[in-house]
J.: 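What follows is a structure written as structure tokens; I'll ask about it next.
For this chain, numbers begin at 1 and follow the sequence in order. All of these numbers come straight from a predicted model, not from anything done at the bench.
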Amino acid sequence: MDIAKTIRELRDSMGMSRKEFSEYTEIPLRTLEDWEAGRRTPPAYIPRLIAYQLKYDELVNNKE
């Protein structure tokens, strides 16, 4: 699976717009747009870090 598709699927799984996802992950909106459009390619570890952040936040929020 390509990185752009993975990032887009992570965002979709959260039900967020690009702007909301950008603010949530603190990734600049333009960067996120470029990644999803395939104009730029992030390092391969970025989708794993985003997925880790989302899972961590989910676990912490469920614990509260």
J.: List the residues meeting side chain to side chain donor-acceptor pair (under 3.5 Å) with Glu58, not counting sequence neighbours, and say none if there are none.
T.: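 Side chain to side chain donor-acceptor pair (under 3.5 Å) list for Glu58, sorted by chain: empty.
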J.: Taking side chain to side chain contact (heavy atoms under 4.5 Å, CB included) as the definition, give me every residue that meets it alongside Pro28, ordered by chain and number, with sequence neighbours left out.
T.: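 Per chain and number, Pro28 pairs via side chain to side chain contact (heavy atoms under 4.5 Å, CB included) with Thr31.
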J.: With sequence neighbours left out, what residues match Arg11 under salt bridge (Lys or Arg N to Asp or Glu O under 4.0 Å)?
T.: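 Result, salt bridge (Lys or Arg N to Asp or Glu O under 4.0 Å) vs Arg11: Glu36.
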J.: Looking at every non-hydrogen atom in both residues, tell me the closest pair between Phe21 and Met14 and how far apart they are.
T.: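 Closest heavy-atom pair between Phe21 and Met14: CE1-CG, 4.4 Å.
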J.: Can you list, pair by pair, the side-chain donor-acceptor contacts under 3.5 Å of residues 50-57, counting residues two or more places apart and other chains?
T.:
| unit_1 | atom_1 | unit_2 | atom_2 | d |
| --- | --- | --- | --- | --- |
| Asp57 | OD2 | Tyr24 | OH | 2.6 |

J.: If every non-hydrogen atom of Pro47 is compared with every non-hydrogen atom of Leu10, which pair is closest and at what distance?
T.: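 Nearest heavy atoms, Pro47 then Leu10: O-CD1, 3.6 Å.
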J.: For residues Ala44 and Ile3, report the shortest heavy-atom separation together with the two atoms involved.
T.: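 Reported closest heavy-atom pair: CA-CD1, 3.8 Å.
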J.: Treat each ILVMFWY residue as a node, draw an edge where side-chain heavy atoms are under 4.5 Å apart, and state whether Leu29 and Met16 are in one component.
T.: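 No: no chain of side-chain contacts under 4.5 Å links Leu29 to Met16.
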J.: Provide the full list of side chain to side chain donor-acceptor pair (under 3.5 Å) pairs with a residue in residues 37-51, sequence neighbours left out, each pair given once.
T.: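 Qualifying pairs: Asp34-Arg39.
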J.: Identify the heavy atoms of Trp35 and Ala4 that sit nearest to each other, and give their distance.
T.: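 Smallest interatomic distance, heavy atoms only, reads O-CB, 3.1 Å.
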